[in-house]
2 protein chains.
Amino acid sequence: MSERARRPTVKEVATRAGVSPMTVSRTLSGGLNVKPDVQQRVMEAVAELGYHRNENARSIRPGHSSGLIGVAITNIANPYYSTFALGVEEEAALTGRRILLGNTSEDAAREADLVGDFLGRRVDGLIVVPAGTSSAHLAHSQSQGVPVVLASRRIEGLAADSVVLADDDGAHRGTSALIEHGHTRIGYLGNALSIFTGERRYAGFVRALSEHGLTVDPDIVATNQQTVDQARDATRALLDAAHPPTAIFCANNRNAIGALKEISAQLNAGSRRATDFPEIVSFDDFELAELSPVPISVIDHDPRELGRAATRLLLDRLDGGKLDAATREIELPVSLRGVR
Amino acid sequence: MSERARRPTVKEVATRAGVSPMTVSRTLSGGLNVKPDVQQRVMEAVAELGYHRNENARSIRPGHSSGLIGVAITNIANPYYSTFALGVEEEAALTGRRILLGNTSEDAAREADLVGDFLGRRVDGLIVVPAGTSSAHLAHSQSQGVPVVLASRRIEGLAADSVVLADDDGAHRGTSALIEHGHTRIGYLGNALSIFTGERRYAGFVRALSEHGLTVDPDIVATNQQTVDQARDATRALLDAAHPPTAIFCANNRNAIGALKEISAQLNAGSRRATDFPEIVSFDDFELAELSPVPISVIDHDPRELGRAATRLLLDRLDGGKLDAATREIELPVSLRGVR
DNA sequence: CTGTTAGCGCCTTCAT
DNA sequence: ATGAAGGCGCTAACAG
C-alpha cells in the first residue's frame, strides 16, 4: 500500500526539474517571472511525483493563513444542522477554504475543547451554534484575531457577528394562526428555555396567547425535549392530560416529529380517532410533513441559506479587511406555510 | 475585535515564564524532566496568554502528523450521510483527530480536487463515499502513504479498505417480501446503475424477481433519480404507466420519500383511492416512514455505525501500525422491517 | 529570470 | 533538569 510513504517536497521537485526550490515555488504560485519552458518542466516534475504543496508548512509563514474554518455544531445528524453545514461548506469552498467540523452534542465543555483545538490548528475563523451561554472561549478566539460568527443562537454579552432566525415572530405567527383556527387550548413542545431559540420561540408563543386574552397552562407546556423520543413521551403526556390541548405548537423539528410519531402510533392502535388529535404547528419544515394525519403548518426557513449567510459574514471580515468592523447581527425572516 | 491579532508562540510563553522555549515545549508534552514548580509557572504563562500550540507547525516536523482525517461525502444534507458523518466524527474524536469535511455533490471532478486539497493539508487518511468509478486520485493518495477507506461504495480496481452494506441481499429480501405479499408487478425506483449501490440493489431486485419466475418490465423501472423531486416525477410516470405496478421497490431514501410525496399528493387530490396505490419497500429507513399512506417496509441499517466502522478501519491502519496490512472489505448486514 | 539566505513555530538531539 | 543548535517545508527579501 505505501510503496512510497514519504511525500515529495519542493526540493525533490526542484531536483527533478533541474531548478532551485524557489523556481518551483514561484511556478506554483502563478509563475510570475519564470520562463514558460521552465514552468513546463516544473509542472511535469510535479505531476510525475504527485507533488502537493504542504499547506501546513505554508500556513506557518507570516502573512499566510490556514484556509480552514472551524465549524462547531450541536448535532450534525439533525437534518436542519446538516443542511446548515452544507451551506457553510459551499460558501467556504468558493474561497478555497475547507471546513473543520466538530459535533458538540449540545455540550458546552466539548464546545470549548473544540474551539481550543481549532485555534491550535490556526483556523481563519469560527462558525458556531453555541451549546451554552458561556462565551469565554469565543471571546478568547476573537481576542487572538480569529473572528467568530454565531449561527441560530446568540450569546448574551458576546459581541460577535450572528445570523439567527426570526424566532419570536415565527412562533407568534404560528400560534396566532392556531388561535384564528379557533383553538383556545394550545399546548407547547420545545427545547429548553435556557437555549436561545427555546426562549425566543416560547416568548413568541406566550405573546400570541396573551394578545388574544389566553393564558398559558403549564400542564400542557413541555420544554425539555432534545430528541424525537423525548418529544414522543412529552406528547403522550400532553394527550393524556386532564384537559388535553386541541392544538400544539412545536418549537422545532425534533418536537414536531416526535408529536407526529406519537399521534400516528395512537391512531394506528385505534385508541382515539383522527379528529380527536390536536392540530400542529412546527417551527422548522421537515421532510414528509405533508403525511401528517392531523392538520399541520410549518414555520419555514432555509438552513442552507443560514449557513451561507453566516459564512459570508465571516468571509467578509476575513477577506474584506473588516476584521475590526462593527458587529453585525442578522435576523432571517421566516414564513408560515400550511402543509395539510 | 482584534486587540491582539498575533497569536502567542512558545517563545513568548517562555519569556513570560522566565524559561527557554524547550522547557515550555517539554511541559506541554507531558512535563517529563521539568521541575514541578517550573511546570506550574509555564502553565500559568500559557493560561495568561491564551496560548495554543500551533498544530500546523508541529505537523511539519518529522514523525508528526496533522491529526486530520479528510472526509469526502456526496451530499451532507442527506440525513443518511450526515448521520454517517456523525459516526466518523465521533470515532475520530476518540483519538483526538478532527475531520475535514468536503461535499462532492456526486461530482467526480470535485472529489478529485478535494482529495488533492486534503493531501496538501497532510491528512492522516481519507474516508470517501466515491462519486465515480475513477480511482487515480485515491490510488495516488495511497501511494503517498495516506490510506483510503471507501464507505457505502467500492471502486472496481482499487485495493482499499471498505465498508459497504449488504445491498444485493437487502434488495433481494425486500423484493421477495413484496412477491410473498402476492405482488407480481413490481416497479423499481433507484439511483443510477453506474453507482455501486445502484447496481447492486438493482441486481438483488432482479434476482428476486427471476427466482420467482417474474421478469423485469422496463416500463416500470426508473434508475436515474438523484433527488426527491426527480423521484416524485419518476413515481408519477410509474403510476401513469399503461400497466402500473402494484408495488414499488425504492433503492434509497431519496426515492422512497419522493414516491410517498407523490402518492400522498395524488391521494389528497382525490384522483385515486388509497388501495389503488402500490405497496412500498425502501432501502434505507427514514424519519416518519410510519406515516406512509400505503403499506411500507424498510431495509434498515445504521449509517452512524457505518461511519464508525469505516473510521475504525482507518485508525487501525494508522495507529495499529498496519499501514501495509491486507485490504479489508466489510459488508454490514441489513434487516427488513415492516413499518406499516 | 533565477538562486541564496533566512526564518515562520516547533521539537529532536546533543550538550551542560 | 535545562538550554542551544539545527532543521522540518515553504517562500519573502535580497542578490545577481
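Bear in mind the structure is a predicted one, so any value in this text is a computation, not a measurement. Residue numbers start from 1 in every chain, and the chains themselves are labelled A, B, ... in the order their sequence lines are given, proteins ahead of strands.
- Under the 3.5 Å distance criterion, with hydrogens and angles disregarded, a donor-acceptor pair is assigned to the side chains of A:N56 and B:S59.
- Taking a heavy-atom distance under 4.0 Å as the criterion, the stretch of DNA chain C touched by chain A extends 5' to 3' from C:dC1 to C:dC8.
- Atom CG in A:N54 sits roughly 9 Å away from atom P in D:dT11 (whole-Å rounding).
- For A:Q142 (side chain) and A:P147 (main-chain N/O), no donor-acceptor pair under 3.5 Å exists by modelled atom type.
- Across all strands, A:R58 comes closer than 4.0 Å only to sugar-phosphate atoms, never to a base (heavy-atom distances).
- In this model, the phosphate group of D:dG3 is approached by a side-chain N or O of B:T23 to a distance below 4.0 Å at OP1 or OP2.
- Applying the salt bridge (charged side-chain N to carboxylate O under 4.0 Å, His left out) rule to A:E305 yields the partners A:R312; only residues at least two apart in sequence or on another chain are considered.
- Counting to the nearest Å, the P atom of D:dA13 and the NE2 atom of A:H64 are 11 Å from each other.
- The existence of a salt bridge linking A:R41 and A:E44 is excluded, since no basic side-chain nitrogen approaches an acidic carboxylate oxygen closer than 4.0 Å.
- For A:R97, the side chain to side chain donor-acceptor pair (under 3.5 Å) test picks out A:T95, A:D124, A:D319, with sequence neighbours left out.
- Between the side chain of A:S134 and the main chain of A:A136, no donor-acceptor pair closer than 3.5 Å is present.
- A sub-4.0 Å separation between OP1 or OP2 of D:dG9 and a side-chain N or O of B:R122 is absent.
- Residues from residues 15-22 of chain B placing a heavy atom under 4.0 Å of any atom in DNA chain C, listed by number, are B:M22.
- When each of B:R61 and A:H52 is assigned the nucleotide of DNA chain D bearing its nearest heavy atom, the one mapping closer to the 5' terminus is B:R61.
- Salt-bridge check for B:R308 with B:E91: passed, with a basic side-chain N closer than 4.0 Å to an acidic carboxylate O.
- The existence of a salt bridge linking A:R153 and A:E106 is confirmed by a sub-4.0 Å separation between a basic side-chain nitrogen and an acidic carboxylate oxygen.
- The backbone N or O of B:A325 sits less than 3.5 Å from a side-chain atom of B:R317, completing a donor-acceptor pair.
- Ion pairing of A:E89 with B:R110 is present here, as a side-chain N (NZ or NE/NH1/NH2) and a carboxylate O approach within less than 4.0 Å.
- With sequence neighbours excluded, the residues satisfying side-chain contact (heavy atoms from CB on, under 4.5 Å) with B:E331 are B:R154, B:V164, B:A166, B:R200.
- Non-hydrogen atoms lying under 4.0 Å from DNA chain D are contributed by A:S25, all within residues 25-45 of chain A.
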